[in-house]
Every structure is written in C-alpha cells, then in structure tokens.
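Read through the structure below, which is laid out as structure tokens, and then see the notes.
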Amino acid sequence: MAQRNTRRSLRAALAALTAALLLPLGAGAAAAAPDPAPSPGAAERKIEPKLRAQLGDSAKAVFWVYLDSAADLTAAARQTTRTAKAETVLRTKRDHAARTQAEVRKALDNAKAEYTSFWIVNAVRVVGTEKLAGTLAQRPEVSRIDADDRITLPTPAEGKREKAAADAVEWNIDRVKAPQVWDQLGVRGEGIVVANIDSGVDHTHPAVAGQYRGRSADGSLDHNHNWFDPAGVCPTAAPCDNNDHGTHTMGTMVGDDGGANKIGVAPGAKWIAAKGCETNSCSEASLLAAGQWIVAPTDLNGRNPRPDLAPHVVNNSWGSAAHDDWYRQVVDTWRAAGIFPAFSNGNAGPGCSTSGSPGDYAASYSSGAFDVNGTIASFSSRGAGPGGIVKPNIAAPGVNVRSSVPGGAYEAFSGTSMASPHTAATVALLWSAAPALEGDIAQTEQLLGATAQDTDNGQCGGTAANNNVFGEGKLDALAAVSNAPRGPTGGLGGTVTSGGAPSPAPRSPPPARSAVRRPPPPTAPTPSAPSPSARTP
C-alpha cells in the first residue's frame, strides 16, 4: 500500500502541474476556463498499474473513481453542539458529492454500469471494463482510479486469563482505574453512545445485551439506526458476529453481565455497531459505508439518516500494516462531526516505524498495548509515524485481555485491537462526567495525554513523557476524569504528577445524566441519504 500511496501522490502532483501550466497567464481560479481533458498519456497515469493489470486479465473489475475535490467542512467547526456539527457535515458532504459527481454518474448511467456513490469520500465504486476506466480517466474532475483492495482484520493471539482483581473486575479494567471512576466519581459512561466498526457484535451476549441501544427497557428490539450490515452478511436483520473480534472489542468498552464478568471500562454507556468487516477481512466498500453510517446512522433500508443519533466515540481495531491515506477523509469527517476516532496502532512490532494506517494518521488517536506487568507487548507497533509524528498516542492493556465472544462465552485475546477499546471507553467516561467536552476532540486528546502515566522508552525516539513506544504514557481513566472540566464551562483543572497518582482539585459532583440519551423519533421521514448500495441499469 505504501507504493500505491506514492503512485497516488505522483499522479496528483502531475495533475496539479498540468492544470497550472494550462492556465492563461494571470488568470485567477474564478476566471479560469474549464480544464481540458488530459492527454491520453496523462489519463492513463491516473489508473493504478495494479488495476490496469486486472482489467487486462478480465472483462470487468471493481475499481474506485476518486474526484479531485473535497467538501469544505469549516462551517461544522462553528457549530456549538455535536448534533449541529454532524448535521452540517452530512449536508455539506452530500451536497458536494452530488454536485461534483454529477457528470461522472451521468457517464456511468449512459454506459449502463453498476456503481455506488459515496459522500464520506468523494468517490464512486464502479464495476466496469478497461474501456470504461479509460473513458472516466479522460474526465478532468477525476483525479485517480484505483484497484479495489481488502483490509485484513487482525487475528488476535489467544492468551490466558490473568487473575482478576477484586469483585470480578478483570486486571485490565482495574489497571486503567475504571472501577475507581465508577465508585469514587459515580461515573460509568451514562448518556454516552460508543460504536465499533468491526466484525459485528453478538447482541444477545449477557455482557453487552443490556447496553445495546436497540434494546428497550421492556426487552423489545429496534435495529434501525443502531446496527448496520452493509454487505448483508448476517442471516437476519439483527446484529451478528461471525468472527469473535467485534464482540470482544465491544465487551471491553461496555461489558458487564451484572455478575462475575466485569469486562468493560464504561458499562453505563450504550452501544451501536457497523459490520465493516465481512469475516476475517474488511472490504473498502464496507469500511467506507460504515464510515458514512457512523456520521448519520440510517434505518435498516439505508434511509432516513439521523445525525442526531451518531455515536460519541467510534473504535476501530483494524488497519493495514503500511501507511495509506485512503481512509483519511473519513477520519477527518468524524472529527468535524464531533466523533472521537479511536484506532489500534497495529501488531507489527517490535521494530520502529511499524505503525499501520489509519492508526498512524495525525487525526487518529491510536493505542499501543502493554501487559499485566506494564511491559510493552512485543507485537505492539511503534512509531514514528508519517512526518515524524509520535505514534502511538497512548498505551493501554492489550495482552491477555478477557472479554466477550459470541455465544455467551469469554476468551482472553492479545493485540492492539484489545488496547484501543480501553481508550475509546475512557472517552465515554470523560464525556459522561464532563458534558462540556462532548465533541471537543482536541481538548479530549490533550486531557488523555496530560493525565497518562509517563513511561520512558527510548527504543524508537522521543522523551520520557512522549515516545514512540508508549506514546504519552499508560492510560489512566481516573486521572483523566478527575481532571476533566466537570462544570458547564471551563478548561482542564487539577494537578497531575508524572507517573504517579493524580491529586485533583476539589470539584462539585457531576451533573445528573439520564441513563440513555436517545432523541425522540422524527415526526416525519427525513430526506434520504444516498445509500451505499450498487446501482444497476
């Protein structure tokens, strides 16, 4: 993927240079004439070599047509609520895609081609021939045409259960001090919705059944706006998990069966989920469709998008082993919508510069993994990331993490896939305790980093406070929540001691929160979003 990314950059640079040379001297952007179609050679360079080989060997292939513009999301930053941010993002993105993709879609309709339009990135997925790809490449608004790829879902290593802490709390939950947040601060994640893009979730598992947002108090189920299966893998409309991975990561976020299995950091939060990974891999189409759904969950027919029902936090325990920018616009869109983007940092350690995408993006908040002894896991990917940025951002428990798996069982897995849900759920605790932080991604990241327990490791560069093995240190949920602005306004407060226990300033109790923050259903159907379903003639 690194080579593919380099080719993309070269194509983009060539396209930009060609456009600049073709402008009349002194002409401004507003006065410039429409760009002429590129020369045959320039058009051919837009097509990824891998795709040209595929098209040469078959009558048709799946490919992605990327346009040369992205929606301006600055208006979302001016909104004061998370719902308003998400609504603005949805409207802006959809309008931009509809306008800029119009001619490409017209050409595809005329060719009677099967295609799917996306708005989360300005792209169209096409099933077509070499001739069709060449025709589309001639269009000036098309920046590149890529082959279809799949992302492998990390296979966690099976481990052993470490000795649980008191009261059936797993070691990893105790290590991030979540029980102290529950008991001392009275915060368990109430009023917050977490999501994962993963292999799905077994919604009947005792540890997560009660936290599913689609389950009412009387036990009735409504999967609309709460579950998304873009590839239609599950046998029914209900959430399923055919891999174990997604149920395990969700359990670490919210799991608690009310008895001997306290496996989740924020058991008071609710969850929704998108099945972005069909089995042990994830298609680009499903991951992009899931990314759209996170911003504005739809009903089971892919209609009636509800940005007001977007989750607060989305965990992503998947990624490639190399740097690739293909999901960057999705992460940027989540941030603009006030949705916290948690990612695993990868399992390609112990070498340096092994962080994988999308976790290695500056816009992604990624977690490395440590064990019960506080030692970094040998598999945990290290930085630095692209441009020398520190990666991972933080470290969390990721070795022998016991959590839920389908069928009501529990298993211990190891991987940075297991670490990231701890961080995602800590954000749920933070935003539950401090509503002023909701949607403020930058301040939340600052708080997580400032309260993490500094852990010195110079293997891959950095400082004791911020290095490319542990990031800003080991996750500390108690310190983070204790130092959050728990009043209606204000900045970070309290005193943090490096590597030790926090000494927070006295604070008033957190404001009362309802157990579930679920807006009422719309009184009338809302306009439908372009659903990510293939169009055929």
Side-chain angles (χ1 to χ4, degrees), residues 162-190 192 194 251-256 261-269 313 315 340 342 365 367-377 392-403 418-434 437 444-455 465 470-486 492-507 509-510:
E162 302 286 358
K163 183 179 179 181
D167 300 322
V169 175
E170 297 298 324
W171 79 268
N172 47 295
I173 305 302
D174 182 67
R175 188 59 52 88
V176 300
K177 303 179 184 176
Q180 292 165 265
V181 177
W182 312 335
D183 299 338
Q184 297 177 22
L185 305 178
V187 176
R188 297 169 62 88
E190 294 83 358
I192 301 300
V194 301
T252 301
M253 287 195 279
V254 303
D256 188 343
N261 296 286
K262 293 179 172 59
I263 60 172
V265 172
V313 185
N315 183 73
F340 190 93
Y365 199 82
S367 298
F370 63 82
D371 64 18
V372 68
N373 298 314
T375 303
I376 198 69
N393 296 86
I394 205 164
V399 179
N400 294 331
V401 171
R402 181 176 177 270
S403 187
M418 287 58 255
S420 182
H422 293 82
T423 304
T426 297
V427 175
L429 294 177
L430 273 171
W431 289 5
S432 179
L437 281 176
T444 301
E445 291 173 330
Q446 179 186 358
L447 182 56
L448 289 170
T451 57
Q453 299 173 12
D454 290 347
T455 308
F470 284 91
E472 294 197 79
K474 295 172 183 170
L475 177 67
D476 188 328
L478 177 62
V481 177
S482 296
N483 287 277
R486 298 175 66 191
L492 302 182
T495 301
V496 180
T497 58
S498 176
S503 302
R507 297 186 179 279

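Remember, it's a predicted structure, so these values are computed and weren't measured experimentally.
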Let me confirm one number: the [atom1]-[atom2] distance from [X] to [Y], rounded to the nearest 0.5 Å.
{"X": "Thr423", "Y": "Phe340", "atom1": "OG1", "atom2": "CZ", "result": "7.5 Å"}
{"X": "Leu475", "Y": "Asn393", "atom1": "CG", "atom2": "CG", "result": "12.0 Å"}
{"X": "Ser420", "Y": "Asn315", "atom1": "OG", "atom2": "CG", "result": "4.0 Å"}
{"X": "Thr426", "Y": "Leu448", "atom1": "OG1", "atom2": "CG", "result": "7.0 Å"}
{"X": "Ile263", "Y": "Glu170", "atom1": "CD1", "atom2": "CD", "result": "7.5 Å"}
{"X": "Thr252", "Y": "Arg402", "atom1": "OG1", "atom2": "CZ", "result": "11.0 Å"}

Considering all heavy atoms, the nearest [X]-[Y] contact:
{"X": "Glu472", "Y": "Asp454", "value": "O-OD1, 3.4 Å"}
{"X": "Leu429", "Y": "Arg188", "value": "CD2-C, 3.5 Å"}
{"X": "Arg175", "Y": "Val372", "value": "NH1-O, 2.7 Å"}
{"X": "Ala424", "Y": "Met253", "value": "CB-SD, 3.9 Å"}
{"X": "Pro392", "Y": "Gly368", "value": "CB-N, 3.5 Å"}
{"X": "Ile192", "Y": "Ser432", "value": "CG1-N, 3.7 Å"}

Distance-only, no hydrogens or angles: does the [X] side chain make a donor-acceptor pair with backbone N or O of [Y] under 3.5 Å?
{"X": "Asn373", "Y": "Thr375", "answer": "no"}
{"X": "Trp171", "Y": "Asn400", "answer": "yes"}
{"X": "Trp182", "Y": "Val265", "answer": "yes"}

(message) Parallel, tilted or perpendicular, judged at 30° and 60°: which one describes the rings of Phe470 and Phe370?
(response) tilted

(request) Please tell me if the side chains of Tyr365 and Thr444 come closer than 4.5 Å, counting only heavy atoms from C-beta onward. (result) no

(request) Report yes if the side chains of Leu185 and Leu478 come closer than 4.5 Å at any heavy-atom pair, otherwise no. (result) yes

(request) Report the C-alpha separation of Asn483 and Leu447 in whole Å, then their side-chain angles, then the decisive distance to 0.1 Å, and conclude whether the side chain to side chain contact (heavy atoms under 4.5 Å, CB included) test is met. (result) CA-CA 8 Å; Asn483 287 277; Leu447 182 56; 4.1 Å; yes

(request) Please name all residues satisfying side-chain hydrogen bond (donor to acceptor under 3.5 Å, both in side chains) with Asn172, sequence neighbours left out, ordered by chain then number. (result) His422

